[in-house]
Amino acid sequence: MPEHRLDLAPAVTIPPHLVGQVQSKLAYVDELIASADVAESGDRITLALHAAAGARAAEIEEKVQRVVREMAQGSIAPKVEILEDHLARPTSYSADPLDELLARGEVYEESTGIFTFGPLMSRLIAYFESRFLELAAHFDAQPYRFPTLMSAKFLDRVDYFRAFPHSLTFATHLREDLDIINQFAETAKYEGKGLNSPAEFFSQVEAMLSPAVCYHLYFSLADHPLPNGQLVATAVGTCFRYESNNLTSLERLWNFTMREVIFVGSKDFVLEHREQSRQFMHRIFEELGLAYQVETANDPFFVGEFRKQAAFQNAFQLKYEIRARLPFKESTLAIGSYNYHQDFFGRHLGITLPDGKPIHTGCTAFGLERVAHAFLAQHGLDPARWPAAVREALS
Ligand code: AMP
Ligand code: ZN
C-alpha cells in the first residue's frame, strides 16, 4: 500500500513532449516507487512510495533527477507529422469499458498485467484479426509460426539489451542438479511478491519471452543472402513487455498479442509496402468505425539511449503510430504501428540482397487487445450500438 509522498522539483523543466515518456520511466527508478506523476507543466514530480523512504529519499531523488537530466536536458521537440486524422469520427460510449468487462466476468486479471479474456473480447479479437489478415492477403504474405521464447543470443546481436532493458522478461529453469531440484520441490513457496527460491537455483538466461514478432523472421534469415531478395510474411504471436507500475489497466499488458505483416527487401520495396499498408488499413478502420489518427512516433527506448534514438527515429520517420481515441480519458492509445528499420537488421544479422548489400526491413503491427479495448471504449459493450460491419460479422 503506498503511504508516502515525495514531491520533487525536476532539475530541468520537462518539456511537454517528454512528460509521458519521463513519467513511464520513473516506474523503473526504484522498487520503493509505487507510482509517479509528472505535472503537465513539467515542473513538478510527485512520487507515491511503498514505505517511508527515510535515508533513501536523497538517493531516490538523485536517481529521478538523473533520469530527468538524461532525457530532458537539451531535448528538442520532434516535429510530429499527422498523416491521417479521423479523431472526430462519431463514437457513442464514454466510460472505461474495463469496469463493465470485469463486472460481467468477460475479463479477469490473473495477475498484474496478465489478463484472461472471455467470449466477447475473444470474438472481437478474432474478428479484428480477420480484418488484418485481409492486409496480409493483399500482399500475398507467407504465413509463419514463431515460438514464444526468443533466443537471448540473437537479441544480443540486435543490441536489444541496450535499447529496451527495462521491459525484458527472462525465461529460466532450475539448474540440472539433483540436490537443487529436490530442494526446490521441498521448499518452493509463493511468498509476498514471488517465489522464495534463491537466484542460484536458476539457470543462466538463454532465452527471453518474445518482445516482438518480426524479430523471429529476421533471426531465421540471419547469415545468408535472401533468396529472391524480397519477402512478405505474416504471423501472430504472444509478446511480453514488462511495464512495471505502468501495468494498471487493459491499456498496458505484460503479456499481449501482436499480428504483424513483415516486409523484407530493398529500401524502396519496404517503404512502398509500408505506405500501401497504411492506405489499405484506412478503409478497414473506417468500416470498424474507429476514431483514430496516424502520426510520427518513436519507440520507448530506455533512459541512456532515449534522446539519441528517439530523435533519429523521428528525423527519419521510421515509425508511424495508429492512435485510437479513448473518450473516457480524453486521450489516445497506440493500437498499431507502421515501422521501417532501414538496414538495421540486415547489417546486424548479415542478411543480404542479391547485390551483397544488407536488406531493409519493416513491419505493420497491430496490438490485438488494444484494438478491442479501444473499440469498446468508443462503441461500448452493446452490439446493437456497434458500427454495422462489426455488428453483422459478430451476430
Ligand atoms: P510496437 O512494436 O511498440 O509499435 O508495438 C506494436 C503494437 O503492440 C502497439 O501499437 C500496441 O498496440 C501493442 N503493444 C505494445 N506494447 C503493449 C503493451 N504493453 N500492452 C498491450 N499492447 C501493447
Ligand atoms: Zn515488427
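Ligands are counted one by one from 1 in listed order, and the atoms in each one are counted from 1 as well.
The pair Arg5-Asp37 fails the salt-bridge criterion, with no side-chain N (NZ, NE, NH1 or NH2) lying under 4.0 Å from an Asp/Glu carboxylate O. For the pair Glu287 and Arg283, the salt-bridge criterion is met [side-chain N within less than 4.0 Å of a carboxylate O]. We find that Lys153 and Glu206 are not joined by a salt bridge, their nearest charged nitrogen and carboxylate oxygen being 4.0 Å or further apart. Look at Arg44 and Asp7 and you find no salt bridge, because none of the NZ, NE, NH1 or NH2 atoms lies under 4.0 Å from a carboxylate O.
With hydrogens left out, the protein atom closest to atom 7 (C) of ligand 1 is Gly367 N, 4.0 Å, a heavy atom. Among protein heavy atoms, atom 16 (N) of ligand 1 sits closest to Phe256 CZ, 3.4 Å. Regarding atom 22 (N) of ligand 1, its nearest protein heavy-atom neighbour is Arg370 NE, 3.3 Å.
When non-hydrogen atoms are compared, ligand 1 lies under 4.0 Å from the side chain of Lys319 (C-beta onward) but not from its backbone. Here Leu253 has heavy atoms under 4.0 Å from ligand 1 in both its backbone and its side chain. Only the side chain of Glu243 comes within 4.0 Å of ligand 1, counting heavy atoms alone; its backbone N, CA, C and O stay farther away.
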Steps toward side-chain contact (heavy atoms from CB on, under 4.5 Å) verdict (Asp223, Leu349): CA-CA 6 Å; Asp223 303 314; Leu349 296 169; 5.8 Å; no

Dump the intermediate steps for side-chain contact (heavy atoms from CB on, under 4.5 Å) on Lys63 and Arg56, then the final yes or no. CA-CA 11 Å; Lys63 288 199 274 184; Arg56 299 213 36 234; 4.3 Å; yes

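Vertex the Zn ion (ligand 2); arms to Cys214 atom SG and Cys363 atom SG; angle 120° (nearest 10°).
At least one N/O-N/O distance between Gly336 and ligand 1 falls below 3.5 Å. Looking at ligand 1, you'll find an N or O of Ile335 within less than 3.5 Å of one of its N or O atoms. In terms of N/O distances under 3.5 Å, ligand 1 is approached by Arg241.
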Show me the donor-acceptor pairs, under 3.5 Å and distance only, between side chains in residues 192-200 and residues at least two apart or in other chains.
from   : atom 1 : to     : atom 2 : distance (Å)
Asn196 : OD1    : Lys189 : N      : 3.0
Asn196 : ND2    : Thr187 : O      : 3.1

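The Arg252 neighbourhood of ligand 1 comprises atoms 20 (N), with distances under 4.0 Å to a heavy atom of that residue.
Legend: residues meeting side-chain contact (heavy atoms from CB on, under 4.5 Å) with His17, ordered by chain and number and at least two apart, are Pro15, Ser75, Ala77, Pro78.
Atom OE1 is the N, O or S atom of Glu260 at the shortest distance from the Zn ion (ligand 2).
Taking all heavy atoms of Ala334, Ala374, Ala324 into account, the minimum distance to atom 9 (C) of ligand 1 is reached by Ala334. Considering each of Ser167, Ala212, Ser337, the one bringing a non-hydrogen atom nearest atom 4 (O) of ligand 1 is Ser337.
A donor and an acceptor atom, one from each side chain of Ser167 and Glu243, are nowhere located under 3.5 Å apart.
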